[in-house]
Q: 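Okay, handing you the structure first.
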Amino acid sequence: MARASETPILTTEEAIARLRRAVHPRAVNFYAMYSSILGGIVTDPALMVLPLDDHIVHRGHGVFDTATLANGMLYQLDQHLERLLRSAEMARIPLPFGTEKLRQIILETAAASGRRDGSVRYWLSAGPGGFGLSPSECVGSSFYVVVFGGEGYPASYYTQGVKVVTSTVPIKPPFFARVKSTNYLPNVLVVLEAKDRGADNGVFIDERGM
């Protein structure tokens, strides 16, 4: 006798219901998201998702930047947006919209959050279309914006200082260090190694020990 499947096949309604039940407590700090896939802004954290076939997910072919939302204004947005566009050019990601529309979407997503303080992060990606390596399969580049609670440092950093160690994780080559891409695995490994050694963070060292 064939064994019955233990993995349910969900209807659309069941899947959406489970997404809402899966929202974790920290999502209370996720205030608004724009997705070019949806073509609009959502404020329900359960809907702040990306398609798995987007190359930003399975190939890391995406770039990002972050601006600070303070007293209802975005600090140095134009400079941050210029850096995002430079990274996108280096990563050969075409823009889905003109620069002014990208700027407008960022501002409108910040406004839709209803927050006066926080962080606004935005990504440009090669876009969805398949699970291969070449972005030629992508149907078009994508743009995402998220407004979330600001990432502050612990108070102890200011009162006791920060403990750092030199890391054994290989440093990024100069080109990839200049592209603010979504490939932050080396940075994550540096932090994990530092925590293992009782420190707060680590410092990359090149082949010359610099």
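Remember, predicted model here, so these are calculated numbers, not experimental data. Numbers for residues simply follow the sequence, beginning at 1.
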Q: Could you work out, with side-chain contact (heavy atoms from CB on, under 4.5 Å) as the rule, every residue matching P170, not counting sequence neighbours?
A: none
Q: Rounded to the nearest 0.5 Å, how far does CG of L19 lie from CD of E14?
A: 12.0 Å
Q: If I take atom CH2 from residue W123 and atom OG1 from residue T182, how far apart are they, to the nearest 0.5 angstrom?
A: 10.0 Å
Q: Taking side-chain contact (heavy atoms from CB on, under 4.5 Å) as the definition, give me every residue that meets it alongside E137, ordered by chain and number, with sequence neighbours left out.
A: H55, H58
Q: List for me each residue that meets side-chain contact (heavy atoms from CB on, under 4.5 Å) alongside S141, sequence neighbours excluded, and say none if there are none.
A: I93, P94, P96
Q: Using the test ring pair (Phe, Tyr, Trp, His ring centres under 6.0 Å), find all partners of F30 that sit at least two apart in sequence or belong to another chain.
A: H24
Q: Could you tell me which residues satisfy side-chain contact (heavy atoms from CB on, under 4.5 Å) with P25, sequence neighbours excluded, listed by chain and number?
A: none
Q: Could you note down all residue pairs passing ring-ring contact (aromatic ring centres under 6.0 Å, His included) where residues 182-210 supplies at least one of them, sequence neighbours left out?
A: F64-Y184
Q: Got a sec, which pairs hit salt bridge (Lys or Arg N to Asp or Glu O under 4.0 Å) with one end in residues 94-109, sequence neighbours left out?
A: D78-R103
Q: Going by the rule ring pair (Phe, Tyr, Trp, His ring centres under 6.0 Å), which residues pair with H61 if we only count those two or more places apart in sequence or in a different chain?
A: none
Q: For Y157, give me all partners under ring pair (Phe, Tyr, Trp, His ring centres under 6.0 Å), at least two apart in sequence or on another chain.
A: Y153
Q: I need the F143 CZ to L102 CG distance, nearest 0.5 Å.
A: 4.5 Å
Q: Using the salt bridge (Lys or Arg N to Asp or Glu O under 4.0 Å) rule, collect all pairs that involve residues 23-46, keeping only residues at least two apart or in two chains.
A: R20-D44
Q: Identify, with sequence neighbours excluded, every residue that meets salt bridge (charged side-chain N to carboxylate O under 4.0 Å, His left out) alongside D65.
A: R83
Q: Mind checking what makes ring pair (Phe, Tyr, Trp, His ring centres under 6.0 Å) contact with Y158, not counting sequence neighbours?
A: none
Q: If you measure from CG on L50 to OG on S35, what distance do you get to the nearest 0.5 Å?
A: 7.0 Å
